[in-house]
Structures are given as structure tokens and as C-alpha cells.
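Computed over heavy atoms, backbone and side chain alike; hydrogens, waters and symmetry mates excluded.
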Amino acid sequence: TMSADEELSGILAMLEALNRSLALYPEGFPAQFRNGAGDGGLCFLLVAHIDSSYGVVGCTYESLDWQYIALDVRPTYSLDSIICHEIWHATENHIRSRDDTALPMDEWDALNPEGFSYYGDATKTDPAQQWILYSGSPEDIHFVDSYACVARTEDRARIMEYFMTHEDEAQILIQSPFIRQKLQ
């Protein structure tokens with residue numbers, strides 16, 4: 001559905017964002033995704049649409065030794081954020097493929113408000129959630145936003161996205177003892 005000019009513009013913008021985003025990571029970071037033979041790794045797929053009921057603009061999945069990151073080239077905003085968010089998903093997938101006990105659910109859940117349960121459905125987020133950024137004092141923040149309340153994986157990806165690409169918000173988030181512990 002994109003014109004040739006729109007497609008070219010979207011691809012160029014995404015490639016520029018990839019260049020900026022990858023520069024945020026330590027030298028050699030992408031290489032650690034490869035297997036012992038040097039195969040596999042990160043594979044970025046630039047696409048014109050990701051079919052979803054809630055406006056997905058990036059998604060990550062794994063297959064054998066590859067972490068595939070599909071990025072919709074149509075958005076003109078927050079490209080660096082989208083990329084860092086998806087790189088965290090790839091990182092978490094890679095960590096879990098090596099050690100499925102590395103991110104214990106019970107320890108993570110202990111950092112959430114008492115009685116809280118992740119929504120489990122991205123179409124049912126609550127933007128009025130009381131424990132998110134800008135909803136109260138920084139000391140009471142447990143989540144970046146309501147999308148972080150969907151699942152543990154989204155909670156972690158949102159934290160990494162904000163600390164990698166949103167300096168002003170990160171300065172507020174780091175004041176939360178819960179966010180600091182989640183980062184650790």
C-alpha cells in the first residue's frame with residue numbers, strides 16, 4: 001500500500017534509526033547472539049505492515065540460532081525506541097535459550113504491587129494504571145506505562161527501551177526503588 005517514495009523514505013529512516021540504536025550498545029554486542037560456530041545472530045526484517053489488533057510496529061521471534069526482529073517502516077516516530085524495545089526481546093530470548101532460570105518469575109513479580117497480575121492481553125491495557133510513570137510520585141512507580149503491565153517480557157522491554165532512548169523519563173524512573181531493582 002506504500003508508494004515507491006514512501007517505501008524508500010521509510011526504509012531509509014529505519015536504517016538510520018538502526019544505525020543510531022546499535023551505536024548505543026557496547027562494541028561486539030550483536031556478535032554475542034551468534035552460536036559457537038559463528039552462525040545465526042540478529043536479523044532485522046524491514047516490513048511494510050505487521051498484522052495485529054493493536055497497532056504493532058515491531059516484533060521479535062526466534063528460530064534456531066536466529067533472533068528475527070521485524071520492524072514496520074511506516075512509522076515516522078520513536079524508531080530508536082521501537083528498535084531498542086525489540087532488541088531487548090531478542091536479548092531476553094537469547095538469555096532464556098541459554099538458561100531458562102535466568103529471569104525467575106517469582107523474584108520479578110515480588111517487585112510489583114501486591115495483588116498485581118499482568119493483563120496478558122495487549123488490547124486490554126489501562127492507561128489510568130496508578131503505578132506508572134507520571135501517575136504519582138517517582139517512588140511509587142512500578143511500571144513505565146500501561147503496556148508494561150501486559151506481561152513480564154513487555155515490562156522488561158519497556159524499561160530497557162526507556163533507559164536506552166528516553167533520558168528525561170529515565171531520570172524519573174531511576175528514582176523508583178522498584179524500577180532500580182528490576183534493572184538489577
Measuring from M160:CE to T165:OG1, what's the distance to the nearest 0.5 Å? 10.0 Å
Test ring pair (Phe, Tyr, Trp, His ring centres under 6.0 Å), reference H142, set W108, F116, F178, output is F178
Applying side-chain hydrogen bond (donor to acceptor under 3.5 Å, both in side chains) between H89 and each of R156, E154, H94, Q67, report the one that passes. E154
Mind checking ring-ring contact (aromatic ring centres under 6.0 Å, His included) for F44 and listing every partner two or more places apart, or none if nothing turns up? none
State which residues pass ring-ring contact (aromatic ring centres under 6.0 Å, His included) with F29; sequence neighbours excluded, sorted by chain then number. Y25, F33
Under 3.5 Å, is there a donor-acceptor pair between the [X] and [Y] side chains?
| X | Y | result |
| --- | --- | --- |
| S81 | H166 | yes |
| T123 | S53 | no |
| S135 | Q130 | no |

Can you find a pair of side-chain heavy atoms, one from V144 and one from I159, that are under 4.5 Å apart? yes
Report, as yes or no, whether the 6.0 Å neighbourhood of atom CD on E27 holds more than 12 heavy atoms from other residues, nucleotides or ligands. no
Sequence neighbours left out, what pairs pass salt bridge (Lys or Arg N to Asp or Glu O under 4.0 Å) with at least one residue falling in [range]?
| range | answer |
| --- | --- |
| residues 38-59 | none |
| residues 112-123 | D121-K124 |
| residues 55-84 | R20-D80, D72-R74 |
| residues 171-184 | D155-K182 |

What closest approach, in Å, do Y118 and V150 show between heavy atoms, and which atom pair accounts for it? CB-O, 3.4 Å
Contact summary for L79 and A17, nearest pair of heavy atoms: CB-CB, 3.5 Å
